[in-house]
Undergrad: 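Dropping the structure in here first, questions after.
Values below: all heavy atoms of this structure, side chains included; hydrogens, waters and symmetry mates excluded.
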Amino acid sequence: PFLALFPIANGPQFSDGTAVFLAPDRRVTPENYGAGKLDAILNDHWRLASRITWDNGSTNSQDPMQTVELSGSSRYQFAHNELQFQESPSMIHTFRAGFSRIVNGETAQDLPRIPAGLNVVPGQTIGDISVTGLTEVGGTEYRQRPREYADNDYQLGHQMTYARGRHTILAGGSFDRIQANERADQDAVGLYRFNSVAQLLTGQPSQFDYMAAGSDTVRGWRSMLFT
């Protein structure tokens with residue numbers, strides 16, 4: 001049944017019965033970017049500076065055999081605020097607060113030409129088919145999906161600057177709260193390996209790789225940094 005996954009050759013045909021399938025490598029990658037900035041002198045002692053940046057992007061492509069649609073998305077958000085207080089001509093306090101968030105995701109979907117019921121693992125997309133001598137259906141990029149990475153970083157800091165004559169004293173501290181989250185599946189869709197075309201035609205794979213039922217790759221790390 002997996003023969004339906006291989007497209008009909010549309011390129012040169014050779015005397016040994018083989019032929020070439022040609023397809024464009026189509027990749028659509030839009031991106032939207034924005035930034036904002038605010039600076040304000042509140043009075044003789046207080047100054048405010050704020051920055052914000054965001055960047056959203058996505059990408060869409062297909063595997064070489066045009067069996068699955070490979071989609072990806074990315075989102076970057078950064079915000080930084082700084083408040084400065086001049087206590088005296090020789091003493092300045094600087095307070096900082098920041099936040100950054102990075103989210104990257106990758107998914108895959110069967111293309112409409114793929115017949116229903118060919119999924120290797122129930123509930124997943126079609127799976128990966130590797131045959132020695134033929135282009136792999138799906139490929140490594142496909143087998144490593146779905147994937148998602150979401151990282152958050154919260155920052156607080158204070159710095160005191162004291163100047164007297166030719167001498168300057170700097171003192172302060174900072175705090176970082178970091179949250180790292182990920183899902184990085186490997187062979188969740190399943191992988192059949194055939195050592196020859198004959199094995200493929202007789203349905204006798206030499207190897208089958210897949211994630212065990214009930215397992216997942218969802219992980220989270222939390223850390224705090226004081227300086």
Side-chain angles (χ1 to χ4, degrees), residues 1-30 57-74 102-151 180-221:
F2 296 121
L3 286 177
L5 299 178
F6 293 86
I8 297 176
N10 57 5
Q13 298 185 7
F14 305 102
S15 58
D16 61 356
T18 62
V20 176
F21 171 71
L22 301 175
D25 185 10
R26 178 185 61 85
R27 291 181 182 269
V28 180
T29 309
S58 62
T59 180
N60 287 280
S61 62
Q62 297 177 358
D63 71 306
M65 302 299 282
Q66 295 192 333
T67 54
V68 291
E69 182 81 14
L70 304 174
S71 302
S73 63
S74 64
I102 301 175
V103 180
N104 294 312
E106 295 178 336
T107 59
Q109 295 292 331
D110 295 342
L111 290 177
R113 77 170 188 85
I114 303 302
L118 289 183
N119 50 311
V120 175
V121 178
Q124 298 286 348
T125 50
I126 58 171
D128 190 279
I129 308 297
S130 175
V131 183
T132 301
L134 300 181
T135 300
E136 188 171 342
V137 173
T140 302
E141 187 178 3
Y142 168 56
R143 291 192 284 115
Q144 294 177 342
R145 297 174 184 234
R147 292 192 295 179
E148 184 174 6
Y149 302 92
D151 300 327
N181 308 282
E182 75 168 33
R183 176 186 179 183
D185 287 0
Q186 180 69 37
D187 293 332
V189 297
L191 165 63
Y192 273 124
R193 295 186 186 274
F194 298 89
N195 290 334
S196 65
V197 175
Q199 283 190 353
L200 173 66
L201 295 178
T202 56
Q204 297 178 339
S206 60
Q207 183 177 331
F208 177 57
D209 300 336
Y210 73 105
M211 284 178 53
S215 63
D216 65 64
T217 60
V218 177
R219 302 291 185 269
W221 294 268

Undergrad: Determine whether a donor-acceptor pair (N or O, by modelled atom type, separation under 3.5 Å) exists between the side chain of Asp187 and the backbone of Leu191.
TA: no
Undergrad: Within the supplied structure, the quantity of interest is the number of heavy atoms (other residues, nucleotides, ligands) at a distance under 6.0 Å from Gln207 CD; does it exceed 12?
TA: yes
Undergrad: How many angstroms lie between atom CD1 of Ile8 and atom CZ of Phe21, to the nearest 0.5 angstrom?
TA: 10.0 Å
Undergrad: Determine the minimum heavy-atom distance between Arg145 and Ser71, stating which atoms define it.
TA: NH1-O, 2.8 Å
Undergrad: Should Thr18 and Gln13 be marked as a side chain to side chain contact (heavy atoms under 4.5 Å, CB included) after you check the CA-CA gap, both sets of side-chain angles, and the distance that decides it?
TA: CA-CA 6 Å; Thr18 62; Gln13 298 185 7; over 6 Å; no
Undergrad: Checking side chain to side chain donor-acceptor pair (under 3.5 Å) for the pair Thr125/Tyr142: CA distance, chi angles, key distance, verdict?
TA: CA-CA 10 Å; Thr125 50; Tyr142 168 56; 2.5 Å; yes
Undergrad: For the CE atom of Met211 and the CD atom of Gln186, what is their distance to the nearest 0.5 Å?
TA: 9.5 Å
Undergrad: Sort out for me which residue in Ile129, Val68, Ile114, Val131 forms a side-chain contact (heavy atoms from CB on, under 4.5 Å) with Val137.
TA: Ile129
Undergrad: From Ser61 OG over to Glu69 CD, what is the distance, rounded to the nearest 0.5 angstrom?
TA: 7.0 Å
Undergrad: Should the pair Arg219-Asp216 be classified as a salt bridge under the 4.0 Å nitrogen-to-oxygen rule?
TA: yes
Undergrad: Are the side chain of Arg147 and the backbone N or O of Ala184 linked by a donor-acceptor pair below 3.5 Å?
TA: no
Undergrad: Nearest 0.5 Å please: distance from the OG atom of Ser73 over to the CG atom of Asn60.
TA: 9.5 Å
Undergrad: Can you see which heavy atom on Arg113 is nearest to which on Thr67, and at what distance?
TA: NH2-CG2, 3.2 Å
Undergrad: Verify the distance criterion only: is there a donor paired with an acceptor across the side chains of Glu106 and Asn104 at less than 3.5 Å?
TA: no
Undergrad: Any idea which heavy atoms bring Ala180 and Asp151 closest together, and the distance?
TA: CA-OD1, 3.3 Å
Undergrad: Can you tell whether the side chains of Asp128 and Arg193 come within less than 4.0 Å, N to carboxylate O?
TA: no
Undergrad: Starting at OG1 of Thr217, measure out to CG of Asp185 and round the result to the nearest 0.5 Å.
TA: 4.0 Å
Undergrad: If I compare all heavy atoms of Ala188 with all of Gln124, which pair ends up nearest, and what's the gap?
TA: O-CG, 3.4 Å
Undergrad: Are Arg143 and Glu136 within salt-bridge range, i.e. N to O under 4.0 Å?
TA: yes
Undergrad: Measure the acute angle between the ring planes of Phe194 and Tyr192, then classify it against the limits of 30° and 60° as parallel, tilted or perpendicular.
TA: tilted
Undergrad: State the CG-CG distance between Asn119 and Asp110, to the nearest 0.5 angstrom.
TA: 8.0 Å
Undergrad: Would you please test Tyr149 and Arg183 for side chain to side chain contact (heavy atoms under 4.5 Å, CB included) and show each step?
TA: CA-CA 6 Å; Tyr149 302 92; Arg183 176 186 179 183; over 6 Å; no
